[in-house]
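Notes to accompany the following structure.
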Amino acid sequence: MPELPEVETVRAGISPHIKGAKIRGVEVYHRQLRYPIPEEIEQLYGATIEDVERRAKYLILTTSKGKVLIHLGMSGAIRILSDDFEHKKHDHFVLRLSEEKVLIYNDPRRFGFILLYGNDEPIPFLEKLAPEPLSDAFSAEYLHPKLKGRTRPIKSILMDQAFVVGAGNIYANESLFMAGIDPKRPANNLSFGEVERLVAEVKKVLARAIEQGGTTLKDFTTPDGSPGYFAQELLVYGQKGQPCPLCGQEIVRIVLGNRATYFCPQCQK
DNA sequence: AAGTCTACCTGAGGGC
DNA sequence: TGCCCTCAGGTAGACT
């Protein structure tokens, strides 16, 4: 489900509700996610949530008693409700907060995870990540040299968090379409100019998707329960057989790196 | 080393 | 209606 724009939407949605809140209860209903929720998570009892940040597709809750690292996997969702909330199927983890609020982690497929780190402890998951796509550090000057010797399809590179973070299958497809680049192209044969175009489009697509509250394909909702509106702006993702919005030729679906890939053979070279 | 494939898990939707 | 198959927003780890 969630790529950078969805995770950023979640961060922005939950932050005003939980920043400054005190943790009044920690409840684990299903410990077995991608990694088990650590037993020590109960130590958060009594802690204050000081900050809510996002890095790549990770959420980091900084509390007075440690940092909570959350990844939503494919189907994770967070909602903030009042403490008389109704449980839903696949609610795995609940933080009860001051002012009768609760934070609920729900994840049908359980590919997400929740881990706990000390405030001075490095978080291994964050150490090998590429720069944030919306920062100046993500540029053609950064990316083009990194593609040297890489023969993988450029689309696989875009989805590899060691090259660019935050783009998953939807936004990799959309960015390549916007840049007019064939997703199958070996990464190392993109010119500097093409990489410049691609970098610019990745930034534009992600920024626009954040403005729209992310993409709701089926089950993604923002923490207040409303959908993201970027789905109606998708130009190629999921559009197999539909006319290309630029040239009218049929959008094609292929498989690259085991992931569905959509593109216009006419517009993307 | 780099690239490819598999596994993890549930649910929705299509074909029959 | 129901069974079986395929597919789905991510990523680590095991292969070649």
Side-chain angles (χ1 to χ4, degrees), chain A residues 1-11 29-37 54-59 69-78 88-93 105-115 123-130 133 146-176 183-189 202 205-206 209-210 212-222 227-234 236-241 253-262:
Chain A
M1 172 224 304
E3 304 178 42
L4 185 150
E6 292 74 39
V7 179
E8 178 56 26
T9 299
V10 170
R11 190 205 60 76
Y29 295 97
H30 194 131
R31 192 173 297 281
Q32 201 56 51
L33 303 181
R34 181 184 190 115
Y35 311 108
I37 301 173
R54 177 194 59 72
R55 172 77 172 100
K57 302 175 194 172
Y58 296 89
L59 286 169
L69 182 75
I70 302 175
H71 195 290
L72 301 176
M74 288 279 261
S75 57
I78 290 176
K88 295 210 308 198
K89 195 170 181 186
H90 307 300
D91 284 349
H92 304 315
F93 178 76
Y105 179 84
N106 182 288
D107 189 357
R109 293 179 73 181
R110 284 186 272 125
F111 288 171
F113 54 87
I114 300 174
L115 295 172
I123 300 179
F125 291 95
L126 305 184
E127 306 222 307
K128 39 199 161 176
L129 293 174
K146 269 190 86 111
L147 301 182
K148 221 164 140 183
R150 303 304 180 124
T151 59
R152 291 156 71 192
I154 184 61
K155 189 207 172 211
S156 302
I157 295 277
L158 274 189
M159 295 180 64
D160 184 333
Q161 307 297 296
F163 289 82
V164 202
V165 301
N169 204 24
I170 295 178
Y171 300 112
N173 279 296
E174 294 295 308
S175 302
L176 284 160
K184 303 187 294 302
R185 290 267 301 280
N188 65 348
N189 86 9
V202 166
V205 166
L206 292 177
I210 291 171
Q212 295 300 298
T215 299
T216 296
L217 290 182
K218 38 200 288 202
D219 52 4
F220 172 72
T221 58
T222 65
Y229 294 104
F230 195 73
Q232 54 205 69
E233 298 187 25
L234 295 177
V236 288
Y237 181 84
Q239 305 300 308
K240 175 183 172 187
R253 179 190 189 274
I254 61 171
V255 175
L256 280 184
N258 277 330
R259 308 301 300 275
T261 301
Y262 302 88

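The figures that follow rest on heavy atoms only: side chains count, while hydrogens, waters and symmetry mates do not.
Contact annotation for A:Y58: backbone-only contact, meaning every heavy-atom pair under 4.0 Å involves sugar-phosphate atoms and none involves a base. Among the heavy atoms of the strands lying under 4.0 Å from A:Y35 are primed sugar atoms or P, OP1, OP2 only; no base atom is included. Across all strands, A:K89 comes closer than 4.0 Å only to sugar-phosphate atoms, never to a base (heavy-atom distances).
Atom NZ in A:K240 sits roughly 14 Å away from atom P in C:dT6 (whole-Å rounding). Atom CZ in A:R253 sits about 12 Å away from atom P in C:dT6, given to the nearest Å. Between A:F113 atom CZ and B:dC9 atom P there is a gap of 16 Å when expressed in whole angstrom units. Straight-line distance from the OH atom of A:Y171 to the P atom of C:dA8: 16 Å, rounded to whole Å. Atom CG of A:L33 is separated from atom P of B:dC9 by 11 Å (rounded to the nearest Å). To the nearest angstrom, C1' of B:dT10 lies 16 Å from CG of A:L72. Protein atom CZ of A:R31 is 19 Å distant from nucleotide atom C1' of B:dC9, rounded to whole Å. In this structure, A:L217 atom CG and B:dG11 atom C1' are separated by 15 Å, rounded to whole Å.
The side chain of A:M74 sits closest to C:dG9 out of B:dT10, C:dA12, C:dG9. Side-chain proximity of A:R110 to the nucleotides C:dG9, B:dC9, C:dC7 is greatest for B:dC9.
Contact annotation: A:H30 does not reach the phosphate of B:dC9 (side-chain N/O to OP1 or OP2, under 4.0 Å). Taking 4.0 angstrom as the limit, A:Q161 places a side-chain polar atom (N or O) nearer than this to OP1 or OP2 of C:dT11. Distances shorter than 4.0 Å separate some side-chain N or O of A:Y237 from OP1 or OP2 on C:dG9. Contact check, A:H90 against B:dT10: no side-chain N or O comes under 4.0 Å of OP1 or OP2. Between A:K57 and the phosphate of C:dT11, there is a side-chain N or O to OP1/OP2 separation shorter than 4.0 Å.
For the pair A:E6 (side chain) and A:T215 (backbone), a donor-acceptor distance under 3.5 Å is present. Between the side chain of A:R253 and the main chain of A:V255, no donor-acceptor pair closer than 3.5 Å is present. The main-chain N or O of A:V236 is found under 3.5 Å from a side-chain atom of A:E174 such that the two form a donor-acceptor pair.
Distance check, rounded to the nearest 0.5 Å: NZ of A:K57 to CD of A:E3 gives 5.5 Å.
C:dT11 and B:dG11 are spaced 22 Å apart, taking the P atom of each and rounding to whole Å. On the P atoms, C:dC3 is 23 Å away from B:dC9, given to the nearest whole Å.
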Test side-chain hydrogen bond (donor to acceptor under 3.5 Å, both in side chains) on A:K89 and A:N106 and set out the steps. CA-CA 8 Å; A:K89 195 170 181 186; A:N106 182 288; over 6 Å; no

A:F113 vs A:F125, test: ring-ring contact (aromatic ring centres under 6.0 Å, His included). Steps then yes/no. CA-CA 12 Å; A:F113 54 87; A:F125 291 95; 5.0 Å; yes

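Put simply, the side chain of A:T261 does not reach to within 4.5 Å of the side chain of A:L176, judged on heavy atoms. Side-chain contact between A:N173 and A:L234: absent, with no pair of heavy atoms (C-beta onward) separated by less than 4.5 Å. Counting only heavy atoms from C-beta outward, the side chains of A:I123 and A:Y58 never approach each other to under 4.5 Å. Inter-residue side-chain proximity for A:D107 and A:M74 is flagged as unmet; no heavy-atom pair is nearer than 4.5 Å.
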Just to be sure I follow the notation: if a pair is Watson-Crick (purine N1 to pyrimidine N3 plus N6-O4 or O6-N4) or a G-U wobble (N1-O2 and O6-N3), each under 3.5 Å, what dot-bracket string does DNA chain B give, with | for pairs to another strand? .|||||||.|||||||

What is the per-nucleotide protein-contact pattern of nucleotides 1-8 of chain B, from the 5' end, where B denotes a base atom under 4.0 Å from a protein heavy atom, S denotes such proximity for sugar-phosphate atoms only, and - denotes neither? -SSSBB-B

